[in-house]
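Since this is a predicted model, take the numbers as computed values, not measurements. Lettering of chains follows the sequences in order, A, B, ..., and the numbering in each one begins at 1.
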Number of protein chains: 2
Amino acid sequence: MFIELDLQSEVPIYTQLVEQLLEGMANGQLKPGDPLPSVRSLAADLGINLHTVNKAYQVLKQDGFLQVHRKQGVVIQTGEMPGITTEFQEKLARQLKGMAAEAAVRGMQEIEFADMCSAVYRQIKEQGADR
Amino acid sequence: MFIELDLQSEVPIYTQLVEQLLEGMANGQLKPGDPLPSVRSLAADLGINLHTVNKAYQVLKQDGFLQVHRKQGVVIQTGEMPGITTEFQEKLARQLKGMAAEAAVRGMQEIEFADMCSAVYRQIKEQGADR
DNA sequence: CTATCTGTTATATATATAGTATAACAGATA
DNA sequence: TATCTGTTATACTATATATATAACAGATAG
């Protein structure tokens with residue numbers, strides 16, 4: 001796997017896992033139907049606990065990004081992926097608010113801020129282009 | 001004050017305070033030299049503890065957004081405000097990453113994502129325009 | 001000088017979250 | 001029958017958050 005954890009980070013491990021799995025889906029490294037490692041094997045690979053992996057899987061399953069087949073474990077959603085719900089938009093706006101405020105106070109203009117957001121978005125998608 | 005807290009939120013109270021004070025600085029409701037309420041009075045107004053307010057002030061002071069005069073308490077930075085440091089850019093990119101990834105997976109295009117970021121930025125600045 | 005206001009520091013406590021550690025269960029598979 | 005899956009339950013530790021009291025030093029107004 002391409003997962004890289006920072007155990008010293010203030011960001012919870014399961015959150016880092018969720019984000020990196022979403023990045024994998026965003027850039028095409030993880031496609032619908034692709035199997036994910038079992039909670040035990042991934043935990044062993046990363047040197048963390050089984051439950052930490054399971055929590056990340058639970059979050060992604062709860063939101064509809066993953067499916068669990070009693071048969072072959074966890075796979076990327078094969079049906080329709082979750083869309084741009086108003087709930088997601090509200091969450092996005094809420095999180096952007098604090099960042100935009102600090103950026104503005106630091107003198108970053110609207111265009112600079114938007115460009116930076118675009119750059120981050122593009123970088124994520126481009127990570128999968130060379131694979 | 002214009003502070004509104006959500007005590008049920010998963011976002012720590014002191015973080016909400018930091019963000020809303022930054023918003024005030026971003027939209028002009030708080031200008032350089034403006035005094036902030038004392039930790040005790042603001043805590044009483046908001047119905048929270050003195051130390052929670054103090055922690056928010058400490059964070060903003062540490063980053064250079066606030067000054068503390070032994071004389072008249074806490075005021076908005078009168079010197080030069082913190083700029084767009086590489087440290088800030090890295091923090092911004094790190095936080096944007098997870099949001100951009102989920103947005104992409106949900107089918108939000110780069111332009112839509114950038115537009116939403118712009119909209120949030122603009123909204124913050126416009127809040128202070130009608131005051 | 002005294003009383004009162006600042007921020008600041010020090011303790012102590014309660015609660016929630018994060019992470020780990022073991023164990024066990026039911027379903028599926030070879 | 002083993003062995004794999006996710007899942008659930010329990011227990012424990014560590015850390016972050018928030019509160020509660022108390023005290024200190026500096027500044028200020030009476």
Side-chain angles (χ1 to χ4, degrees), chain A residues 1 3-21 30 33-78 91 95 98, chain B residues 1 3-21 30 33-78 91 95 98:
Chain A
M1 284 294 274
I3 305 291
E4 285 185 12
L5 298 178
D6 178 5
L7 301 182
Q8 311 308 322
S9 170
E10 76 288 352
V11 180
I13 299 176
Y14 78 90
T15 301
Q16 296 182 45
L17 258 175
V18 166
E19 290 179 353
Q20 294 191 32
L21 289 174
L30 291 177
D34 282 356
L36 288 182
S38 74
V39 291
R40 288 175 177 82
S41 67
L42 183 52
D45 278 0
L46 299 175
I48 61 178
N49 191 274
L50 166 163
H51 294 100
T52 306
V53 176
N54 188 249
K55 181 160 184 177
Y57 283 2
Q58 283 297 325
V59 170
L60 291 169
K61 173 190 169 190
Q62 183 64 32
D63 285 359
F65 297 108
L66 298 182
Q67 282 175 325
V68 176
H69 288 123
R70 194 51 107 161
K71 177 180 177 181
Q72 191 59 18
V74 177
V75 301
I76 307 294
Q77 176 67 254
T78 55
K91 186 183 81 173
Q95 292 184 315
Chain B
M1 285 293 274
I3 306 290
E4 286 185 11
L5 299 178
D6 178 5
L7 301 181
Q8 311 308 322
S9 171
E10 76 289 351
V11 180
I13 299 176
Y14 78 91
T15 301
Q16 296 182 44
L17 256 175
V18 167
E19 290 179 352
Q20 294 192 32
L21 289 173
L30 291 176
D34 282 355
L36 288 183
S38 74
V39 290
R40 289 174 176 82
S41 66
L42 183 53
D45 278 1
L46 299 176
I48 60 178
N49 191 272
L50 166 164
H51 295 100
T52 306
V53 175
N54 187 250
K55 180 159 186 178
Y57 282 3
Q58 283 297 325
V59 171
L60 290 169
K61 173 191 169 188
Q62 184 65 30
D63 285 359
F65 297 107
L66 298 181
Q67 282 176 324
V68 176
H69 289 123
R70 194 51 109 159
K71 177 180 177 181
Q72 193 58 19
V74 178
V75 301
I76 307 294
Q77 176 69 252
T78 56
K91 186 183 79 172
Q95 293 184 315

A.B. asks: Give A:Q58 one of three labels, base, sugar-phosphate or nothing, depending on what nucleic acid heavy atoms sit under 4.0 Å from its own.
C.D. replies: sugar-phosphate
A.B. asks: Using heavy atoms to find the nearest nucleotide of DNA chain C for B:V68 and A:G47 separately, return the residue whose nucleotide is more 5′.
C.D. replies: B:V68
A.B. asks: Given that both distances must come in under 3.5 Å, which nucleotide forms a Watson-Crick or G-U wobble pair with C:dA30?
C.D. replies: D:dT1
A.B. asks: Hey, does A:L21 have a side-chain heavy atom less than 4.5 Å from the side chain of A:Y57?
C.D. replies: yes
A.B. asks: Got a second to check how far A:Q20's CD is from A:L5's CG, nearest 0.5 Å?
C.D. replies: 6.0 Å
A.B. asks: My understanding is that a pair needs two contacts under 3.5 Å, Watson-Crick or G-U wobble. By that rule, which nucleotide pairs with D:dA23?
C.D. replies: C:dT8
A.B. asks: With distance as the sole test, does B:D63 use its side chain to make a donor-acceptor pair with the main-chain N or O of B:F65 at under 3.5 Å?
C.D. replies: no
A.B. asks: Round to the nearest Å and state the distance from A:N49 atom CG to D:dA11 atom P.
C.D. replies: 17 Å
A.B. asks: To check you understand the geometry: which heavy-atom pair defines the closest contact between A:Y14 and A:A56, and what is its length?
C.D. replies: O-CB, 3.7 Å
A.B. asks: Determine the contact category for A:H69: base if any of its heavy atoms lies under 4.0 Å from a base atom, sugar-phosphate if only primed atoms, P, OP1 or OP2 are that close, otherwise nothing.
C.D. replies: nothing
A.B. asks: List for me each residue that meets side-chain contact (heavy atoms from CB on, under 4.5 Å) alongside A:Q67, sequence neighbours excluded, and say none if there are none.
C.D. replies: A:H69, A:V75, A:Q77, A:T78
A.B. asks: Map B:S38 and A:H51 onto DNA chain C by nearest heavy atom, then report which one ends up closer to the 5' terminus.
C.D. replies: B:S38
A.B. asks: Could you pull out all residues at least two apart from A:K61 that satisfy salt bridge (Lys or Arg N to Asp or Glu O under 4.0 Å)?
C.D. replies: none
A.B. asks: For DNA chain C, note the earliest and the latest nucleotide, 5' to 3', having some atom under 4.0 Å of a heavy atom belonging to chain B.
C.D. replies: C:dT6 to C:dA10
